[in-house]
Amino acid sequence: MLKRGFVTLVAVGLASSAMSTTTASAAGTPLTLAVFGDSPYGKSAYAPAGQSADTSQFQKTPAFIGTINSAPTISDVIHVGDIHSGKEFCTDAYDASIASAWQTFTKPLVYTPGDNEWADCHKASSLTSPGQGGGFYDSASGAINYIGTSGLSTNTADCVSYHCGNPLDNLAKVRQDFFAQPGRTLGSGTLNVVSQATAYDPSHPGDAQYVENVRWAQHDIVFVTINVPGGSNNDADPWYKVPTATQAQTDERTDRTAADIRWLDAAFADARAEHAKAVVITAQADMWDLDGKTKDHLTNYEPIISEVAAKTTEFRRPVLMLNGDSHLYRSDNPLSPTAACTGETDPATGAGVCAHDPHNNAWNEHPYYNVPNFHRIVVHGSTTPLEWLKLTADPNANYPVTDTTYGPFSWQRMPQPQL
């Protein structure tokens, strides 16, 4: 039987691990979670561009949280990343406002960061298209034009975004605001999770920086989060549009990807050792989303996808992945060339979301695998009405693969039309 948490100690270069017995798992009974992401979205005011603010979703956030708090069966909440849109500046004040709002959850909240709150903070195109308040390279001068408080500026003290949108600094800020205490979830209540900050592989002490990566067990199911930002895994788009990616950017992607893979491996090792009924992986990136680009834009996700495929095949029991990033609800198995895909209609095209992919199958973006015991849900986000997903995990169930069931899992979209 799995317990509800893990305790892993790392000291003087030695790591030992044991299942926590502090909170017993109600093995054999269903567990219900609320899952959401890419929310709240809006737009920052920027007078030099004539851009007005849109804070409507943020203003609806307390009521949205209330819909989850009032759901009697919900035990935990997962946010799959992106706490603001790509048209909002990355500021210390905004991050703090989300952290404060989330304190009103009456359930434990697990959060994995999205690209918009750190990896994409450098983005801006021009004065009139200030993006996330970062900057852009000027080939004539060789300098970076930052989005300044009164217009374009090369003065780093005048930037509208935190540390001029530097991704590493903004990730550090996210960690400070949302992961100040390793192993502590957000919201209220108690959920015993273990963080990579304290349970890192002693052969890789640098992994201790990834405090945002956590894992836990409930109801004979192992849950794991990994920091995988949407877009291109923080590599295909050079920071500030400089001609080539800096060494710092390349090192960030390489080091984090390796740490993510080690964390995944540890979660699957726990699941096998404890005979877990299933594994749930949460990552922000929709690693199969072309978003109008070529498949090359997704190349840097391949190491993670390959590891997920290998460990899922080895596990032989159901594995469910939860993503955000691409904003449209979707239910599919992108690790199978023959699996069905269902999802919502894309309002921009009038066609179903599955039509984004050749032959209506995301498998074509990474056409190397055939893993039948895998399923993926992309949660709806970014637009109103605000919505969350009601996910139930019943360790005694073995549902067929349908639009809303798979193995021990069943789910239901929960749009909030009043919001």
Side-chain angles (χ1 to χ4, degrees), residues 36-39 41-43 80-88 90 112-126 129-132 134 136 165 167 226-241 245 249 252-253 256-257 260 282-305 308 321-335 341-368 376-383 387:
F36 74 110
D38 299 288
S39 174
Y41 266 33
K43 183 187 293 186
V80 298
D82 268 14
I83 58 174
H84 63 74
S85 79
K87 296 181 179 180
E88 289 176 280
C90 297
T112 189
D115 55 341
N116 285 350
E117 48 262 43
W118 73 276
D120 287 352
C121 288
H122 67 93
K123 290 188 174 181
S125 297
S126 65
S129 184
Q132 297 194 220
F136 54 93
I226 50 176
N227 183 351
V228 185
S232 62
N233 201 17
N234 194 27
D235 194 65
D237 300 313
W239 295 346
Y240 303 107
K241 297 185 178 181
Q249 180 175 1
E252 188 290 317
R253 186 260 304 170
R256 175 179 42 77
T257 297
D260 283 341
T282 298
Q284 191 253 343
D286 179 348
M287 296 181 281
W288 293 266
D289 179 36
L290 290 172
D291 194 24
K293 303 178 178 66
T294 66
K295 289 197 294 185
D296 291 345
H297 202 72
L298 302 176
T299 299
N300 290 315
Y301 291 126
E302 186 56 40
I304 296 172
I305 293 173
V308 168
M321 176 171 276
L322 302 172
N323 296 148
D325 184 31
S326 50
H327 302 166
L328 298 174
Y329 168 79
R330 182 177 186 135
S331 170
D332 66 355
N333 177 2
L335 295 181
C341 173
T342 61
E344 68 179 296
T345 299
D346 184 347
T349 64
V353 64
C354 303
H356 289 183
D357 305 299
H359 310 295
N360 295 315
N361 192 339
W363 176 85
N364 290 283
E365 272 64 85
H366 301 273
Y368 315 114
R376 187 268 298 258
I377 303 171
V378 179
V379 298
H380 172 93
S382 83
T383 60
E387 178 177 319

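Computed over heavy atoms, backbone and side chain alike; hydrogens, waters and symmetry mates excluded.
For Ala283, the side-chain contact (heavy atoms from CB on, under 4.5 Å) partners at least two apart in sequence or on another chain are Ile226, Val228, Asn323. Remark: Ser331 engages Tyr329, Thr342, His375, Trp411 in a side-chain contact (heavy atoms from CB on, under 4.5 Å) (not counting sequence neighbours). By the side-chain contact (heavy atoms from CB on, under 4.5 Å) test, Asn364 pairs with Pro358, His359, Asn361, sequence neighbours left out.
Between Pro347 and Leu328 the shortest side-chain heavy-atom distance falls below 4.5 Å. Put simply, the side chain of Val379 reaches to within 4.5 Å of the side chain of Val80, judged on heavy atoms. At least one side-chain heavy atom of His327 sits less than 4.5 Å from a side-chain heavy atom of Tyr41. Using a 4.5 Å heavy-atom threshold, the side chains of Gln284 and Asp82 count as touching. Side-chain contact check for Met321 versus Ile377: every heavy-atom pair is 4.5 Å or farther apart. Proximity of Asp115 to Asn234: side-chain heavy atoms (C-beta onward) are nowhere separated by under 4.5 Å.
In terms of heavy atoms, Phe136 sits closest to Ser126 at CE2-CA, 3.5 Å. The two residues Cys354 and Gly343 have their closest heavy-atom pair at SG-N, 4.2 Å. Pairing each heavy atom of Pro229 with each of Ala285, the nearest pair is O-CB, 3.5 Å.
Atom CD in Gln132 sits 4.5 Å away from atom SG in Cys90 (nearest 0.5 Å). Taken from NE2 in His380 to CD in Glu344, the straight-line distance is 5.5 Å, to the nearest 0.5 Å. In this structure, Asp289 CG and His356 NE2 are separated by 8.0 Å, a value rounded to the nearest 0.5 Å.
Formation of a donor-acceptor pair under 3.5 Å by the Ser85 side chain with backbone atoms of Gly42 is found in this model. With hydrogens and angles ignored, the 3.5 Å screen pairs a side-chain donor or acceptor of Thr299 with a backbone N or O of Asp296. Remark: the backbone N or O of Tyr240 is paired with a side-chain donor or acceptor of His122 at under 3.5 angstrom. Side chain of Gln249 to backbone of Trp239: a donor-acceptor contact under 3.5 angstrom is found. Looking at His84, its side chain does come within 3.5 Å of a backbone N or O of Asn116 through a donor-acceptor pair. One N or O on the side chain of Glu117 and one on the backbone of Gly114 form a donor-acceptor pair closer than 3.5 Å. Between the side chain of Thr349 and the backbone N or O of Ala351, at least one donor-acceptor pair lies under 3.5 Å.
For the pairing with Asn233, the side chain to side chain contact (heavy atoms under 4.5 Å, CB included) check across Arg256, Glu252, Met287 returns one residue only, Arg256. Checking Ile305, Asp357, Asp332 one by one against Trp288, the side chain to side chain contact (heavy atoms under 4.5 Å, CB included) holds for a single residue, Ile305.
Side-chain contact, Ser125 with Lys241: a donor N or O sits under 3.5 Å from an acceptor N or O. Using modelled atom types and a 3.5 Å distance limit, the side chains of His366 and Tyr301 yield no donor-acceptor pair. Side chain to side chain, Thr257 and Asn300 fail the donor-acceptor criterion of an N or O pair below 3.5 Å.
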Practice item. Please lay out, stage by stage, how Arg376 and Leu322 fare under the test side-chain contact (heavy atoms from CB on, under 4.5 Å). Key: CA-CA 6 Å; Arg376 187 268 298 258; Leu322 302 172; over 6 Å; no

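No salt bridge links Arg330 with Asp286; every basic N to acidic carboxylate O contact stays at or beyond 4.0 Å.
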